[in-house]
Amino acid sequence: MITIPYLTALTTYFSYGLLFAFGQFRDFFRKIFDWWNSSNRQGYAPICLGNEDFYTRRLYLRIQDCFGRPISSAPDAWFDVVERYSNDHNKTLKRTDKVKHCLNLGSYNYLGFAAADEYCTPRAIESLKLFSPSTSSARADGGTTALHKELEEYVANFVGKPAAIVFGMGYVTNSAIIPVLIGKGGLIISDSLNHSSIINGARGSGATIRVFQHNTPSHLENVLREQIAEGQPRTHRPWKKIIVVVEGIYSMEGELCKLPEVVSICKKYKAYVYLDEAHSIGAVGRTGRGVCELLAVDTADVDVMMGTFTKSFGSCGGYIAGSKELIQFLKYACPAHLYGTSISPPAAQQIISAIKVILGEDGSSRGAQKLARIRENSNFFRSELQKMGFEVLGDNDSPIMPIMLYNPSKIPAFSRECLKQNVAVVTVGFPATPLLLGRARICISASHSREDLINALEVISKVGDLVGIKYFPAEPKKEHREDGTIKLD
């Protein structure tokens with residue numbers, strides 16, 4: 001739970017209040033102008049009412065240059081950001097021919113496979129000669145190749161499950177699978193900060209949804225006990241099925257799931273565990289096998305293991321791993337398998353090759369080196385940010401580290417000032433986060449060198465002083481003298 005300083009919360013509310021007041025003031029005169037110069041088609045209701053897109057028009061458009069920045073290179077440690085300009089106060093942005101070479105602190109390229117790789121890239125290119133850029137078909141029709149079968153075997157073995165099924169899109173893996181697993185008469189208990197793909201999947205299932213406080217096993221147990229005692233709404237019959245859905249690493253918080261406690265509680269109350277490892281698989285654990293390996297949880301105790309290939313593996317798509325009976329059922333019942341286009345063969349080959357590198361099957365130790373480097377980079381960067389006085393969320397070993405900004409005016413200021421100094425960061429505000437909890441989300445990669453990270457820390461420190469987001473006193477710098485003593489600056 002984030003505790004917001006009283007003064008920070010007050011100034012943030014004041015800033016939003018000021019923006020809201022000026023927005024309403026402008027909308028008032030806009031209505032008068034529209035009434036005077038009415039050009040609406042007779043009989044047609046407006047597609048978008050003023051209140052429905054108020055936030056977009058009066059707040060988001062002011063700072064939209066900080067979001068959706070196009071790039072013109074692979075998302076490696078450094079990449080090229082296309083420069084844009086606006087002639088209408090940020091309502092529209094136009095691209096230029098100029099690019100800015102920036103340090104990449106925003107991509108989920110955890111192990112560095114998103115750029116050209118000496119082992120993966122040639123094999124992905126070679127697969128084009130054997131297959132094609134696309135299967136142009138669903139898996140259930142003509143979209144299953146030998147690569148897809150091989151990929152599913154590798155994934156199942158990698159995560160420690162008997163079987164796996166892969167899909168062409170990570171978001172769909174959650175939103176299409178959950179409605180297949182549970183329906184009316186079932187109960188989904190979801191972490192309050194779960195990803196929107198989980199939320200949409202749960203809503204589409206028809207099951208009853210209950211939410212427990214973020215990463216709080218004690219509240220999860222209270223919710224489970226209460227819901228089991230009450231049963232289904234109105235009839236109070238026992239639930240047909242109960243599924244608890246959590247994430248391995250929460251993408252906006254950088255926190256590791258308290259998986260051992262969650263598994264223990266679910267065993268006690270006979271509930272299924274659904275684990276989303278989109279940001280943890282390949283990124284944490286001694287051999288990159290995710291939070292189960294990191295937290296010493298037996299994968300047999302996790303009923304449904306979900307993950308994506310868009311982060312650590314530098315490809316696209318997602319997977320579900322579980323028992324052979326579960327996977328066989330999904331192949332017959334899941335619309336993403338029956339109707340969705342399968343993973344592109346080169347993308348499948350990229351994933352297989354990345355897993356081989358991680359496991360050392362490429363004949364080198366590069367995979368182990370990448371895993372060690374991302375762990376070292378993440379812990380070093382987080383530690384240095386905290387020493388500087390920033391409020392940083394998340395746990396050690398997590399490659400995601402949000403820096404709290406809070407105030408809406410500091411979101412664009414931080415993003416723009418970093419970009420001026422060739423550091424590209426991702427800033428996040430409402431509605432992706434609660435209104436008061438705007439932040440910059442730093443993502444660390446194994447492809448970052450120590451020099452890159454030190455350069456980024458220097459820039460972020462300067463911008464932090466300029467913008468005023470160092471909410472804690474900085475630790476004094478230590479200077480080692482020749483006589484062996486330490487001087488504190």
Side-chain angles (χ1 to χ4, degrees), residues 155-156 159-167 170-217 219-221 223-224 227-228 239-251 255-281 289-292 295 297-308 318-327 329-330 333-337:
V155 169
V159 302
K161 279 294 187 180
I165 182 172
V166 297
F167 304 95
Y171 189 97
V172 168
T173 306
N174 274 330
S175 59
I177 285 293
I178 293 175
V180 177
L181 296 178
I182 192 169
K184 189 176 181 181
L187 173 65
I188 297 173
I189 302 181
S190 177
D191 188 288
S192 61
L193 295 183
N194 274 341
H195 191 263
S196 63
S197 61
I198 295 174
I199 295 170
N200 288 338
R203 288 173 177 171
S205 69
T208 300
I209 303 169
R210 294 292 180 267
V211 176
F212 69 95
Q213 292 173 6
H214 170 58
N215 225 7
T216 309
H219 190 243
L220 167 63
E221 184 170 13
V223 173
L224 264 170
Q227 291 302 315
I228 290 172
W239 298 102
K240 294 179 180 178
K241 193 185 300 180
I242 301 176
I243 298 179
V244 174
V245 187
V246 293
E247 294 187 40
I249 294 179
Y250 292 89
S251 59
E255 293 178 355
L256 295 168
C257 171
K258 295 180 180 178
L259 191 60
E261 295 91 332
V262 170
V263 167
S264 177
I265 292 168
C266 289
K267 277 186 175 181
K268 180 179 178 181
Y269 293 95
K270 303 295 189 292
Y272 292 106
V273 179
Y274 184 111
L275 175 63
D276 178 339
E277 287 213 270
H279 290 270
S280 55
I281 192 66
R289 287 177 165 87
V291 291
C292 287
L295 303 177
V297 174
D298 188 349
T299 56
D301 293 331
V302 180
D303 302 285
V304 185
M305 298 184 71
M306 175 270 175
T308 62
Y319 69 84
I320 293 288
S323 65
K324 290 183 178 179
E325 293 79 9
L326 169 66
I327 301 307
F329 169 71
L330 293 177
C334 180
H337 180 80

Residue pair Val180 / Pro335, side-chain heavy-atom distance below 4.5 Å
yes

So CZ of Arg203 and OG of Ser190: to nearest 0.5 Å the spacing works out to 10.0 Å

Smallest heavy-atom separation, Ser280 atom then Gly248 atom, equals OG-CA, 3.8 Å

| message | Given 3.5 Å as the limit, does a donor-acceptor pair link the side chain of Asp191 with the main chain of Asn215, or not? | response | yes

Rounding to 0.5 Å, atoms CZ (Phe212) and CD (Gln227) come to a distance of 13.5 Å

To the nearest 0.5 Å, atom CD1 of Ile209 lies from atom CD1 of Ile189 at 11.5 Å

Mind checking whether Glu277 and Val291 have side chains closer than 4.5 Å, heavy atoms only?
yes

Value for OH (Tyr250) from OG (Ser192), rounded to nearest 0.5 Å, stands at 8.0 Å

Tightest non-hydrogen contact, residues Leu326 and Asp303, listed as CD2-O, 4.0 Å

- request: Give a yes or no answer on whether the side chain of Thr299 reaches the backbone of Lys161 with a donor-acceptor pair at less than 3.5 Å.
  value: no

- Query: Would you find a donor on one side and an acceptor on the other, under 3.5 Å apart, between the side chain of His219 and the backbone of Gln213?
  - Reply: yes

Close side-chain approach of Tyr272 to Cys266, heavy-atom, < 4.5 Å: no

Quick one, Val262 and Leu275 - any side-chain contact, counting heavy atoms below 4.5 Å? no

CG of Asn200 to OG of Ser205, rounded to nearest 0.5 Å, is 11.0 Å

Kindly say whether Ile199 contributes a backbone atom to a donor-acceptor pair with the side chain of Asn194 at under 3.5 angstrom? no

Scanning both residues in full, the closest heavy-atom pair of Ala164 with Ile327 reads O-CG2, 3.6 Å

OG1 of Thr216 to CD of Glu261, rounded to nearest 0.5 Å, is 11.0 Å

| request: Could you please spell out the steps behind the side-chain contact (heavy atoms from CB on, under 4.5 Å) verdict for Arg210 and Leu187? | output: CA-CA 7 Å; Arg210 294 292 180 267; Leu187 173 65; 3.8 Å; yes

Minimal heavy-atom distance between Trp239 and Gly185, with the atoms involved, is CE3-O, 3.6 Å

What one should report as the nearest heavy-atom pair of Cys292 and Leu259 is SG-CD2, 3.8 Å

* Just by modelled atom types, is the Asp301 backbone N or O under 3.5 Å from a matching donor or acceptor in the Lys267 side chain? -> no

side-chain contact (heavy atoms from CB on, under 4.5 Å) assessment of Ile265 paired with Val244
CA-CA 10 Å; Ile265 292 168; Val244 174; over 6 Å; no

query: Is any side-chain heavy atom of Tyr319 less than 4.5 Å from a side-chain heavy atom of Ile281?
result: yes

Which of Ile165, Leu181, Val155 passes side-chain contact (heavy atoms from CB on, under 4.5 Å) with Ile320? Answer is Ile165

Q.
Counting only heavy atoms not in Tyr269 (residues, nucleotides, ligands), do more than 12 fall under 6.0 Å from its OH?
A. yes

- Query: Any side-chain donor paired with an acceptor under 3.5 Å for Asp276 and Asn174?
  - Reply: yes

For Ala336 and Ala176 the tightest heavy-atom approach is CB-CB, 3.8 Å

Is there a side-chain contact between Met306 and Ile177 in this structure, where contact means two heavy atoms from C-beta onward sitting under 4.5 Å apart? no

